[in-house]
**Q** 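Below: one structure in structure tokens.
Numbers here are sequence positions counted from 1.
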Amino acid sequence: MKKLIRITTVPSSLRTLLKGQLRFMSNHYEVIGVSSEGDALAEVRQNEGIKTHVVEMTRTITPIKDLKATYKLYKFFKKERPFIVHTHTPKAGTVGMLAAKLAGVPNRIHTIAGLPLLEVTGSKRKLLDVVEKFTYSCATQILPNSYGLEKIIIDNNYTKPSKLKVIGNGSSNGIDTTHYDAAIVSKEKKEALKKELGIKENDLVFIFIGRIVRDKGLNELVHAFDKISKQYLNTKLLLVGKKENHLDPLLPETEHLILHNNQINAVGMQKDIRPYVAISNVLAFPSYREGFPNVVLQCSCMNLPSIVSNINGCNEVIEHEVNGLIVPVKNETDLEKAMQYMIDFPEKRLAMNQHTRPRIVKCYEQKFVWNELLTFYNSLN
């Protein structure tokens with residue numbers, strides 16, 4: 001059986017981004033998962049039934065550590081002699097693709113699931129552009145996980161179009177539509193959670209799921225909701241996710257509103273988001289940049305209409321006024337208007353629900369995405 005090595009910078013990405021896919025691929029390839037050390041790596045071994053290997057990598061620019069990681073990966077590839085090395089996340093992509101090229105790995109694939117550098121300017125942006133082009137040059141194939149991302153890569157001249165391929169209709173892992181199903185969250189569970197969070201029967205609940213950082217549009221979302229909440233006392237905003245203040249902090253005034261507006265409830269990171277989605281009415285996801293947003297897939301699959309920013313990925317899943325609303329990126333005023341629309345026109349909001357789950361089942365079912373990727377792997381020489 002040919003060897004397939006999948007690499008992410010941190011183990012939680014291996015566990016979450018590729019959940020189920022690694023086990024599926026292990027029926028066809030000998031799969032090894034590689035990432036930095038962490039508890040999630042043990043979960044990957046157990047849940048996916050694959051071997052894992054530790055190579056310490058950082059998410060920031062650390063030249064000495066990056067060289068060490070590249071050398072360790074090179075040695076590992078020389079020993080294992082894989083047919084395919086497939087990387088995800090920026091740092092794993094750079095060190096993984098370089099090491100794989102030096103080790104003579106025949107198929108070097110890197111998935112692009114978002115471009116953080118798009119939000120960077122000046123000399124740092126120039127440096128990151130160089131790194132991006134270098135990563136792509138070391139790969140034999142680049143897989144953007146949305147068509148919009150493919151266009152951005154071509155427009156920025158990071159690589160030639162012939163090196164690019166979008167798997168299926170986009171998304172890195174598709175979605176398990178049997179898991180993300182509102183029908184399987186019990187009424188008792190929903191009632192208990194509502195009670196815990198102080199949500200009343202006639203409240204309209206907006207939910208955000210993701211990292212609590214500037215790049216996800218949290219400053220605009222919190223400020224827009226703060227204005228809405230003064231006018232409508234029966235609205236709530238749930239923020240589900242962890243803060244990453246060391247990487248991308250929110251404005252101090254945003255932090256203040258999250259703490260002091262009692263209609264905003266920050267519940268931190270949750271292993272199972274489904275109960276929170278099941279008690280909500282609208283996903284609010286005004287991100288600045290995405291690859292292909294899993295959260296929009298998950299919430300749509302659970303019958304929630306979405307308010308999303310007009311960026312790649314989001315505008316591929318959501319059709320304006322059909323299964324959600326699309327607003328300009330970084331625009332607090334239009335975001336507030338969209339939230340107002342969802343409050344003022346309940347019949348239109350409920351009509352959107354009819355077009356949420358069916359679209360996901362048709363285009364992004366997990367097994368479909370996995371089989372499309374497998375077909376691609378099997379076409380390699």
**Q** Could you grab the distance from atom CG of Asn303 to atom CG of Asp181, nearest 0.5 Å is fine?
**A** 7.5 Å
**Q** Considering non-hydrogen atoms only, spot the tightest contact between Ile207 and Ser280 and give its length.
**A** CB-OG, 3.4 Å
**Q** Identify whether Phe345 and Leu325 are in the same connected component of the hydrophobic contact network (ILVMFWY, side-chain heavy atoms under 4.5 Å).
**A** yes
**Q** Taking atom CE of Met339 and atom CG of Leu335, what is their separation to the nearest 0.5 Å?
**A** 5.5 Å
**Q** Do Asp203 and Asn234 meet the criterion of a side-chain donor-acceptor pair at a distance under 3.5 Å?
**A** no
**Q** Run the salt-bridge test on Arg59 and Glu244 with the 4.0 Å N-O cut-off and return the result as yes or no.
**A** yes
**Q** For Tyr158 and Arg125, which heavy atoms make the closest approach, and how far apart are they?
**A** OH-NH2, 3.6 Å
**Q** Would you please say whether a donor-acceptor pair under 3.5 Å links the side chains of Thr8 and Ser35?
**A** no
**Q** Starting from the C-alpha separation in whole Å, work towards a yes-or-no answer on side-chain contact (heavy atoms from CB on, under 4.5 Å) for Leu4 and Glu30.
**A** CA-CA 6 Å; Leu4 163 65; Glu30 184 187 334; over 6 Å; no
**Q** Heavy-atom distance under 4.5 Å between the side chains of Ile212 and Lys242, does that happen here?
**A** no
**Q** Scan side-chain atoms only and decide if Ser172 and Asn145 contain a donor-acceptor pair under the 3.5 Å cut-off.
**A** yes
**Q** Evaluate the side-chain proximity of Glu132 to Ile112: yes if any heavy-atom separation is below 4.5 Å, no if none is.
**A** yes
**Q** What closest approach, in Å, do Leu115 and Ile153 show between heavy atoms, and which atom pair accounts for it?
**A** CD1-CG1, 4.3 Å
**Q** Applying salt bridge (charged side-chain N to carboxylate O under 4.0 Å, His left out), can you list everything that pairs with Lys330, at least two apart in sequence or on another chain?
**A** Glu119
**Q** Side chains of Thr52 and Arg45: any donor to acceptor distance under 3.5 Å?
**A** yes
**Q** Are Ile318 and Val329 connected into the same hydrophobic cluster when the rule is that any two of I, L, V, M, F, W, Y join if their side-chain heavy atoms are below 4.5 Å apart?
**A** no
**Q** Any heavy-atom pair between the side chains of Asp129 and Leu117 that's under 4.5 Å?
**A** yes
**Q** Going by atom types only, do Tyr232 and Asp344 share a side-chain donor-acceptor pair under 3.5 Å?
**A** yes
**Q** Are Ile152 and Ile142 in one and the same hydrophobic cluster, where Ile, Leu, Val, Met, Phe, Trp and Tyr link if side-chain heavy atoms are under 4.5 Å apart?
**A** yes
**Q** Is Leu283 reachable from Leu197 through a run of hydrophobic residues whose side-chain heavy atoms are each under 4.5 Å from the next?
**A** yes
**Q** If I compare all heavy atoms of Pro106 with all of Pro82, which pair ends up nearest, and what's the gap?
**A** CD-O, 3.6 Å
**Q** Salt bridge check, Arg23 against Glu48: does any charged N sit closer than 4.0 Å to a carboxylate O?
**A** no
**Q** Calculate, to the nearest 0.5 Å, the distance between atoms CD1 and CD1 belonging to Ile326 and Ile307 respectively.
**A** 11.5 Å
**Q** What I'd like to find out is whether the side chain of Ile32 reaches to under 4.5 Å of the side chain of Ile50, using heavy atoms alone.
**A** no
**Q** With a 3.5 Å distance limit and no angle check, can you tell me whether Glu365 reaches the backbone of Asp176 through a side-chain donor-acceptor pair?
**A** no
**Q** When you measure from the side chain of Thr356 to the backbone of Asn353, do you find a donor-acceptor pair of N or O atoms at a distance under 3.5 Å?
**A** yes
**Q** Check Asp226 with Lys230, please: is the shortest side-chain N to carboxylate O separation under 4.0 Å?
**A** yes
**Q** Taking all atoms of both residues into account, what is the closest heavy-atom pair of Lys91 and Asp66, and its distance?
**A** NZ-OD1, 2.9 Å
**Q** State, with a plain yes or no, whether a side-chain heavy atom of Met342 is found less than 4.5 Å away from one of Asn281.
**A** no
**Q** Could you go step by step and tell me if Lys2 and Tyr377 meet the side-chain contact (heavy atoms from CB on, under 4.5 Å) rule?
**A** CA-CA 11 Å; Lys2 291 175 177 174; Tyr377 282 166; over 6 Å; no
**Q** Would you check if there is a donor-acceptor pair between the side chains of Asn310 and Asn315 at a distance under 3.5 Å?
**A** yes
**Q** Sequence neighbours left out, what pairs pass ring pair (Phe, Tyr, Trp, His ring centres under 6.0 Å) with at least one residue falling in residues 280-303?
**A** Phe208-Phe285, Phe292-Tyr364
**Q** Could you check Lys243 against Val213 for side-chain contact (heavy atoms from CB on, under 4.5 Å), going step by step and ending with a plain yes or no?
**A** CA-CA 6 Å; Lys243 285 185 182 178; Val213 294; over 6 Å; no
**Q** Using modelled atom types and a 3.5 Å cut-off, is there a donor and acceptor pairing between side-chain atoms of Glu316 and backbone atoms of Gly313?
**A** yes
**Q** Could you check if a side-chain atom of Asn265 sits within less than 4.5 angstrom of a side-chain atom of Leu239, using non-hydrogen atoms only?
**A** no
**Q** Are any of the side-chain heavy atoms of Thr87 and Ile109 separated by less than 4.5 Å?
**A** no
**Q** Quick one: does Gln366's side chain have a donor or acceptor within less than 3.5 Å of a partner on Asn173's backbone?
**A** yes
**Q** Begin with the C-alpha distance, continue with both residues' side-chain angles, and end with the deciding distance and a verdict on side-chain hydrogen bond (donor to acceptor under 3.5 Å, both in side chains) for Thr58 and Thr62.
**A** CA-CA 7 Å; Thr58 63; Thr62 50; 2.6 Å; yes
**Q** Is Lys163 reaching over with its side chain to a backbone N or O of Ala139, donor-acceptor style, under 3.5 angstrom?
**A** yes
**Q** Taking Gln270 for the side chain and Val267 for the main chain, is one N or O donor matched with an acceptor at less than 3.5 Å?
**A** yes
**Q** Please find the pair of heavy atoms, one from Gln354 and one from Leu350, that lie closest to each other, and give the distance.
**A** NE2-O, 3.5 Å
**Q** With the side chain counted from C-beta on, respond yes when Val95 and Met57 share a heavy-atom pair under 4.5 Å apart, and no when they do not.
**A** yes
**Q** Sort out for me which residue in Leu373, Ile5, Val31, Leu18 forms a side-chain contact (heavy atoms from CB on, under 4.5 Å) with His86.
**A** Leu373
**Q** Report the C-alpha distance between His88 and Thr9 in whole Å, list the side-chain angles of each, state the deciding distance to 0.1 Å, and finish with yes or no for side-chain contact (heavy atoms from CB on, under 4.5 Å).
**A** CA-CA 8 Å; His88 294 253; Thr9 310; over 6 Å; no
**Q** Establish, from distance only, whether the side-chain atoms of His223 and Thr254 form a donor-acceptor pair under 3.5 Å.
**A** yes
**Q** Going by distance alone, is a donor N or O of one side chain under 3.5 Å from an acceptor N or O of the other, for Tyr29 and Asn378?
**A** yes
**Q** Would you say Glu56's side chain and Glu37's backbone share a donor-acceptor pair under 3.5 angstrom?
**A** yes
**Q** Ignoring hydrogens and angles, state whether a donor on the side chain of Asn312 or Ser146 is under 3.5 Å from an acceptor on the partner side chain.
**A** yes
**Q** Could you tell me whether the side chain of Asp272 and the main chain of Arg274 form a donor-acceptor pair under 3.5 Å?
**A** yes
**Q** Are Val277 and Met269 connected in the hydrophobic side-chain network, where two residues link if heavy atoms are under 4.5 Å apart?
**A** no
**Q** Do side-chain atoms of Asn323 reach the backbone of Val317 as a donor and acceptor pair under 3.5 angstrom?
**A** yes
**Q** Just by distance, do the side chain of Asp334 and the backbone of Val327 share a donor-acceptor pair under 3.5 Å?
**A** no
**Q** Pairing donors with acceptors under 3.5 angstrom, does anything connect the side chains of Ser287 and Asp215?
**A** no
